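Numbers restart at 1 for each chain; the letters A, B, ... are given by sequence-line order, proteins then strands. Values reported hereafter were calculated over all heavy atoms of this structure, with side chains retained and with hydrogens, waters and symmetry mates removed. Everything numeric here is computed off the predicted structure, so don't read it as measured data.
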2 protein chains.
Amino acid sequence: MLTERQLLILQVIIDDFIETAHPVGSRAISKNGNVPYSAATIRNEMADLEDMGFLEKTHSSSGRIPSEKGYRYYVDHLIAPITLKKDVNIIKNIIQDGFFEFEQVVQMSAEVLSKLTNYTSIILGPELYETKLKQIQLITLSDHTAVAILVTNTGHVEHRSFSIPPDIKPSDLEKMVNILNERLNGVPIVRLPEMFRTEIAALMKRYINDFEKSYDYLKAVFFNENPVKLYIGGKSNILMQPEFNDVDKIRSFYSMMEREDEIANLLKGSESGIKVTIGHENEVEAIKDFSLITASYHLGEGQMGTIALLGPTRMEYRKVISLLKGLSNEMTDALYLWYKNNE
Amino acid sequence: MLTERQLLILQVIIDDFIETAHPVGSRAISKNGNVPYSAATIRNEMADLEDMGFLEKTHSSSGRIPSEKGYRYYVDHLIAPITLKKDVNIIKNIIQDGFFEFEQVVQMSAEVLSKLTNYTSIILGPELYETKLKQIQLITLSDHTAVAILVTNTGHVEHRSFSIPPDIKPSDLEKMVNILNERLNGVPIVRLPEMFRTEIAALMKRYINDFEKSYDYLKAVFFNENPVKLYIGGKSNILMQPEFNDVDKIRSFYSMMEREDEIANLLKGSESGIKVTIGHENEVEAIKDFSLITASYHLGEGQMGTIALLGPTRMEYRKVISLLKGLSNEMTDALYLWYKNNE
DNA sequence: CATTAGCACTCGCAACTGTTGAGTGCTAAC
DNA sequence: GTTAGCACTCAACAGTTGCGAGTGCTAATG
């Protein structure tokens with residue numbers, strides 16, 4: 001168990017290191033003002049803290065830096081939550097504007113978030129459990145090209161252009177779209193592929209000649225697996241961090257950022273609430289030098305998406321956690337309103 | 001005027017330097033096989049080439065590297081065009097698939113281009129002179145939210161959700177959309193704002209009560225200035241180039257990449273055909289260490305867009321120029337087909 | 001007289017050295 | 001229990017040196 005004094009010293013060291021990125025020496029702590037002990041006393045405590053694994057040295061006579069265990073303790077016990085009314089309000093205003101569709105809001109939030117923190121923000125995007133199909137439109141551009149448009153109740157629009165196969169009659173196309181609209185209105189997006197395979201296939205078989213020919217085609221046009229949407233903001237913020245003065249590190253960071261699927265997996269598992277993953281606690285090799293803080297937003301019980309910030313282990317945990325808490329609440333509220341309005 | 005031998009030596013030096021990024025010494029050239037002279041002779045020629053400004057030394061006893069003037073001469077006189085059938089075909093297949101809309105094709109081309117070259121590709125998306133409005137759709141999501149969708153004859157879909165102002169009646173909204181569709185079908189996108197201000201305003205005034213209230217609102221929803229679309233591929237490729245082993249250079253590169261408007265300007269001016277801009281020939285300060293190669297694609301006489309590759313001045317000009325030529329032809333052809341089909 | 005061999009010279013680079021200063025651990029005194 | 005003092009450690013930085021790649025010049029050569 002740590003003594004009061006040890007807690008104080010640990011806190012001062014971590015705060016200082018987070019700010020300056022330089023190892024913290026006993027003299028500096030003693031002069032800090034909040035610690036009324038001499039450098040020698042502090043040295044003894046620091047040695048103890050190091051024995052317990054909360055601190056590390058970069059070399060035998062350097063100042064101390066926090067270990068991952070140190071950060072973990074700091075995050076779990078030493079962070080007094082602060083309110084960031086101003087910062088949260090910036091995002092609140094974007095969300096509540098009501099003028100944008102939800103995806104734009106998410107995108108903008110990601111950007112603001114990264115600007116406010118100087119880290120890289122990642123937002124996984126509302127998942128579609130509660131999103132329902134509103135309407136399907138088919139607009140023909142010419143005799144043999146058309147664009148299909150899907151609109152959901154959240155205002156999300158998906159579209160795809162395609163060539164009309166020569167063996168499909170325009171009247172058949174129209175019929176199909178009518179069937180789709182009649183049957184699929186209000187169906188959750190996630191259930192569409194299944195519905196399409198069973199019910200729609202049966203109906204089309206009945207009403208449309210030669211339906212097999214167009215079935216596969218139609219399926220590809222309307223119900224392509226829609227991948228999870230990932231919004232990343234401030235990729236280049238990482239360059240401003242002094243620990244990334246190494247070109248190789250930068251390279252590996254960017255090459256990881258390009259594997260979006262892996263990042264999505266990273267965030268997907270995260271349960272409800274705020275979760276802080278520090279350094280090697282991350283399972284993905286590429287971000288073992290980073291900390292990842294995730295928060296999820298909801299609609300009712302179901303989880304909708306995840307907001308995350310990726311930065312060096314030397315992260316402003318206090319600020320980031322407060323900010324993410326605020327943002328996740330705002331997004332949860334906004335979602336609630338959206339669906340209430342669009343029911 | 002340069003002698004045959006000087007040309008040969010200049011070419012060998014530039015080719016070698018482009019490949020290895022190391023200064024080229026006289027001995028290496030002599031051993032190259034294509035230059036049947038001793039190192040001493042070559043040294044004399046190199047000194048002359050340096051006096052003429054085609055070569056530079058990095059320090060008093062280093063090998064030579066090409067100067068910008070050297071690259072310029074190389075590009076203008078020494079590049080024998082090569083055919084890159086294989087590479088161009090990769091892109092050709094994407095373009096001709098016909099399954100994708102034009103913007104997707106452009107996006108994919110940008111990515112392939114950067115993969116093939118290991119430089120950063122920038123495509124300034126098709127300008128809209130020839131793009132015409134096909135249809136406007138308004139889909140209401142609930143009593144007070146709706147999404148507006150614009151479709152063009154190229155299959156481009158633009159959409160925007162908005163809250164319906166309480167003082168607009170649903171029937172009025174429908175009327176407006178009808179008017180818009182009737183009057184604006186086939187009108188080039190670029191002329192929309194103007195048409196809207198004059199003709200449409202007048203019509204709406206006649207048929208819709210209280211039209212002023214909704215006019216501004218509608219205008220914002222349908223005819224926001226649509227910014228030039230810029231597709232950038234392989235931003236992180238630049239990290240692979242050995243000349244970018246300096247964190248500051250990387251920082252300045254990425255911070256430039258974020259000013260998309262500036263990049264757009266850079267490409268916009270470029271006239272028809274291939275244009276190579278080497279180092280300080282670039283007017284933008286931030287890319288004075290880079291070379292930019294642009295090619296435009298057309299529809300008939302009008303220029304539609306620009307494809308560009310940005311890389312170090314030590315660029316594989318031969319390959320890049322051939323590739324861009326091929327791609328610009330493909331895109332011009334594809335555009336021609338598109339519009340012919342969609343007329 | 002163009003070409004080449006030879007040689008002194010230059011300079012970046014890497015390895016090594018000495019110095020400095022921040023910081024530690026330990027001990028003895030308060 | 002706390003602190004002052006002191007010897008010790010080590011990264012960082014600035015010189016120093018030797019090496020090697022490369023040059024420019026000169027004199028010899030076919």
So which nucleotide from [options] ends up closest to the side chain of [X]?
| X | options | value |
| --- | --- | --- |
| A:His59 | D:dA11, D:dT3, D:dG24 | D:dA11 |
| A:Ala47 | D:dG24, C:dG25, C:dA5 | C:dG25 |
| A:Arg43 | D:dT3, C:dT3, D:dG5 | D:dG5 |
| A:Glu50 | D:dG24, D:dT2, C:dG25 | C:dG25 |

[X] [atom1] - [N] [atom2] separation (whole Å):
| X | N | atom1 | atom2 | result |
| --- | --- | --- | --- | --- |
| A:Leu55 | C:dT24 | CG | C1' | 13 Å |
| A:Asp51 | C:dT24 | CG | C1' | 13 Å |
| A:Phe17 | C:dA22 | CZ | C1' | 16 Å |
| B:Ile65 | D:dG22 | CD1 | C1' | 14 Å |
| A:Tyr37 | C:dC30 | OH | P | 22 Å |
| B:His22 | C:dG12 | NE2 | P | 17 Å |
| A:Leu49 | C:dT24 | CG | C1' | 15 Å |
| B:Glu45 | C:dT4 | CD | P | 11 Å |

CD (A:Glu283) with more than 12 external heavy atoms under 6.0 Å: no
Give A:Thr41 one of three labels, base, sugar-phosphate or nothing, depending on what nucleic acid heavy atoms sit under 4.0 Å from its own. base
Tell me whether the centres of the aromatic rings in A:Phe54 and A:Tyr71 are closer together than 6.0 Å. no
Compute the ring centroids of A:Phe290 and A:Phe253, then answer whether they are less than 6.0 Å apart. yes
Measuring to OP1 and OP2 of [N], would you say a side-chain N or O of [X] lies under 4.0 angstrom away?
| X | N | result |
| --- | --- | --- |
| A:Lys57 | C:dA22 | no |
| B:Arg64 | D:dT23 | yes |
| A:Ser60 | D:dC10 | yes |
| B:Thr58 | C:dG12 | no |

Counting only distance, no hydrogens or angles, is the base of D:dT23 paired donor-acceptor with the side chain of B:Ser61 under 3.5 Å? no
Does a distance-only test, which skips hydrogens and angles, find a donor-acceptor pair under 3.5 Å between the side chain of A:Arg27 and the base of C:dG21? no
Can B:Lys288 and B:Glu281 be said to form a salt bridge (Lys or Arg N to Asp or Glu O under 4.0 Å), step by step? CA-CA 7 Å; B:Lys288 291 216 187 296; B:Glu281 294 171 10; over 6 Å; no
Is there a donor-acceptor pair under 3.5 Å between the side chain of B:Asp289 and the backbone N or O of B:Gly279? no
More 5' along DNA chain C: A:Ala40 or B:Asn44, using each one's nearest nucleotide? B:Asn44
